[in-house]
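Just so we're on the same page: letters track the sequence lines, and every chain starts at 1.
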Protein chains: 2
Amino acid sequence: MVTRREVAVLAGVSEATVSRVFNGLGPMKPETRDRVLQAAKELDYHPNAIAQSFARRRSGNLGVVLPYMPKVHLFSAYYFSEILSGIGEEVKEHGYDMLLTLLSPDEHIDYTHMHRSQKVDACVILGSQDTPEQRESLLQLHEQGFPFCLVNQHFEGMALHEVDADHVHGSLLAVRHLLEEGCRHVAFLNGSPLYSNSKDRHEGYRKAMQEAGLEISPSWLLEGNYSRKSGYEAADKLWELRHEVDAVFAANDRMAIGLIQGLRERGWIAGRDFAVVGCDDSDAAKLSDPPLTSISVPFYEMGRAAARSVLARVTGSEQEDGLVQLKLPTGLMVRQSSRRNS
Amino acid sequence: MVTRREVAVLAGVSEATVSRVFNGLGPMKPETRDRVLQAAKELDYHPNAIAQSFARRRSGNLGVVLPYMPKVHLFSAYYFSEILSGIGEEVKEHGYDMLLTLLSPDEHIDYTHMHRSQKVDACVILGSQDTPEQRESLLQLHEQGFPFCLVNQHFEGMALHEVDADHVHGSLLAVRHLLEEGCRHVAFLNGSPLYSNSKDRHEGYRKAMQEAGLEISPSWLLEGNYSRKSGYEAADKLWELRHEVDAVFAANDRMAIGLIQGLRERGWIAGRDFAVVGCDDSDAAKLSDPPLTSISVPFYEMGRAAARSVLARVTGSEQEDGLVQLKLPTGLMVRQSSRRNS
DNA sequence: TTGTAAGCGTTATCAT
DNA sequence: ATGATAACGCTTACAA
């Protein structure tokens with residue numbers, strides 16, 4: 001590989017000058033600059049990124065931590081795809097690279113390792129859950145002063161940087177919409193409360209029912225694990241409630257679709273016999289039959305915002321704005337599953 | 001940050017000894033070893049990965065190149081998610097990290113940059129297309145001796161490392177299955193011929209029809225761009241062929257589903273009035289109505305195999321086995337869309 | 001405007 | 001079994 005030294009020799013300048021040219025630093029004769037560039041071109045020189053990182057004491061990498069997901073292969077969810085794309089777009093603009101870390105099932109979550117090894121300058125954490133173990137890990141990371149940002153997860157009582165979506169409001173919209181469609185008995189298929197967004201949705205659901213002066217029967221509160229299968233299984237329970245329930249709000253599209261499939265097998269058709277709203281407005285919502293009304297969440301923008309905030313702190317490109325706790329707006333995409341014709 | 005030096009001082013040994021302990025090199029007194037480990041623990045020392053990379057002249061990173069996809073946010077396809085997961089799993093076992101590169105729309109494809117900058121030791125390239133420009137880029141990469149592996153793409157006439165799936169056979173299975181279901185007039189909704197797998201599927205389709213002694217009408221050959229929308233649009237053309245066609249083989253699930261949706265709007269129901277088989281056996285196939293019969297492709301394993309082959313060359317952990325050109329087996333997942341009851 | 005030289009934190013090769 | 005020491009290719013004061 002061609003090094004700076006060879007370029008310096010060919011251009012008849014010092015190595016430092018070559019560096020200056022490549023970093024656009026200090027004043028310099030255009031002529032020298034050209035000679036260096038010419039020499040570099042001739043030799044096909046490219047600065048060694050690792051050596052640069054080493055000298056700058058900065059890796060130029062943004063870590064992206066992905067949770068372990070059993071069974072389901074890791075990225076299979078729309079959710080992660082969108083967030084990753086957003087992060088990717090943002091890092092590119094900062095001249096950074098994305099270093100992916102897939103968490104293992106067992107390995108006791110040690111967020112601090114990548115920090116310690118200094119292979120990343122900061123990181124964005126996806127899919128974290130609110131467990132004592134993870135709280136502990138994150139607290140450590142934070143105390144060590146390592147810049148990181150959580151996406152789509154909030155830890156109550158901890159002042160961590162995070163980019164979330166307004167799931168409370170989204171759910172409020174969803175349930176209000178169902179009520180406007182004439183439903184009165186709305187069941188709720190939620191996900192694990194280890195995710196703050198599950199709790200947020202629950203709150204939105206409650207609010208909407210409350211403002212309409214409607215009672216919620218405890219039996220209407222179901223829990224799945226965000227998989228299609230869990231939605232399919234929830235159909236059992238919903239079938240038993242068929243005489244007292246006329247709508248379902250599900251915490252993601254996949255569960256909503258599983259539920260629709262399960263109930264269809266019993267002749268109960270979404271968008272006709274009962275209304276359904278899902279969450280995420282993922283691809284699946286458009287593929288489903290009937291097309292699924294869903295809460296849209298700006299995952300792509302969330303990824304971008306998280307990367308931006310964390311890189312700003314690292315590169316000092318923007319002033320420190322203290323704690324970043326964004327909550328991006330959610331919306332409602334109405335399709336046919338939320339109708340009720342019977 | 002704690003450096004090796006401080007550990008050496010505290011342990012009362014030389015810096016070299018600290019390195020030896022951490023790299024498990026050479027013979028050494030257990031006692032010295034313990035003293036070093038103890039000191040490291042006390043100081044919470046972790047080797048600086050960048051410095052290691054620099055000294056070893058090896059980044060420890062595997063580059064993963066993702067194509068630019070207009071409109072559709074990058075990872076939104078099942079396809080990439082699976083492959084990425086496979087690569088991720090494999091690199092972890094080699095102590096490597098994944099460095100993601102998202103190609104920009106315009107930037108004239110320069111695969112060689114990441115190589116030149118030496119930020120990755122090798123790479124896996126996803127979603128490449130067979131254009132003169134890309135052939136040129138890849139040829140350059142190859143001539144420079146940079147280790148890389150293509151996934152799910154074959155360049156005829158070029159001896160490049162690649163991990164592909166047996167799309168010809170998969171398509172053969174698909175069409176044979178349709179014929180066994182009693183279909184005789186099978187249309188084919190293919191993707192762009194810039195992807196070798198499109199051409200492979202075409203071949204499998206031809207073979208199957210040929211071995212059954214069936215003619216293929218040129219009007220049955222449709223082309224989409226792998227999006228649901230393009231499948232939906234193809235429904236127009238298929239509708240016109242409704243009296244001469246009784247089945248469709250689509251080159252991916254999303255197009256198949258779009259097609260099914262488009263035809264349903266005209267009252268032509270998949271799995272009843274005509275049969276459909278898709279490709280990829282993605283999540284969408286299970287979400288669709290009716291559930292979609294599809295060709296399964298081991299994307300996860302393909303990612304793994306590609307990463308493995310390329311890392312083997314880098315780390316010398318396995319003997320050089322010359323040109324790696326794998327073709328992993330595909331299968332048929334029968335669901336309800338391929339029935340024909342009318 | 002350009003050159004000199006001191007790091008950066010390791011690895012790896014010699015000695016001892 | 002352990003210690004010196006020369007790389008590694010760059011950034012960045014400081015000097016000139």
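The CG-P distance, from A:L25 to C:dG3, rounds to 15 Å in whole Å. The distance between atom CZ of A:F22 and atom P of C:dT2, rounded to the nearest whole Å, is 15 Å. Going from atom CD of A:E15 over to atom C1' of D:dT12 covers 14 Å, rounded to whole Å. Atom CZ of B:R5 and atom C1' of D:dA4 are 12 Å apart (whole Å). When rounded to the nearest whole Å, the span between CD of A:E6 and P of D:dC8 equals 11 Å. In this entry the distance linking CG of B:N23 with C1' of D:dA1 reads 16 Å, nearest Å. Counting to the nearest Å, the P atom of C:dG9 and the CZ atom of B:R20 are 20 Å from each other. In this structure, B:R116 places its CZ atom 19 Å from C1' of D:dC10, rounding to the nearest Å.
Salt-bridge annotation for B:R135 and B:E156: absent, with no side-chain N of the basic residue lying under 4.0 Å from a carboxylate O of the acidic one. With respect to the salt-bridge test (charged N to carboxylate O, under 4.0 angstrom), the residues B:R308 and B:E89 do not qualify.
For DNA chain D, the residues of residues 27-34 of chain B within the heavy-atom distance limit of 4.0 Å (strictly under) are B:P27, B:M28, B:K29, B:T32, sorted by number. At a non-hydrogen distance threshold of 4.0 Å, B:F54, B:A55 from residues 48-56 of chain B come into contact with DNA chain D.
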- [ ] List the steps and the verdict of salt bridge (Lys or Arg N to Asp or Glu O under 4.0 Å) for A:K92 and A:D97.
- [x] CA-CA 7 Å; A:K92 177 173 284 188; A:D97 286 300; over 6 Å; no
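Among the heavy atoms of the strands lying under 4.0 Å from A:S19 is at least one base atom, whether or not backbone atoms are also near.
Partners of A:R58 according to the side-chain contact (heavy atoms from CB on, under 4.5 Å) rule, which considers only residues two or more places apart in sequence or in another chain, are A:R56, A:Y96, A:D121, A:V314, A:T315. For A:E301, the salt bridge (Lys or Arg N to Asp or Glu O under 4.0 Å) criterion is met by no residue, not counting sequence neighbours. With sequence neighbours left out, the ring pair (Phe, Tyr, Trp, His ring centres under 6.0 Å) criterion links A:F148 to no other residue.
Comparing C:dG3, D:dG3, D:dC10 by their closest approach to the side chain of A:S14 singles out C:dG3.
Looking only at distances, a side-chain donor or acceptor of A:T131 sits under 3.5 Å from a matching main-chain atom of A:Q134. Panel note: side chain B:N48, backbone B:I50; a donor-acceptor pair is recorded below 3.5 Å.
An OP1 or OP2 oxygen of D:dG3 is reached within less than 4.0 angstrom by a side-chain nitrogen or oxygen of B:T17.
Within the structure, every pair that satisfies the ring pair (Phe, Tyr, Trp, His ring centres under 6.0 Å) test and touches residues 29-48 of chain A, not counting sequence neighbours, is listed here: A:F22-A:Y45.
Annotation: of the two residues near DNA chain D, B:R57 and B:A16, the 5′-most nearest-nucleotide partner is B:A16.
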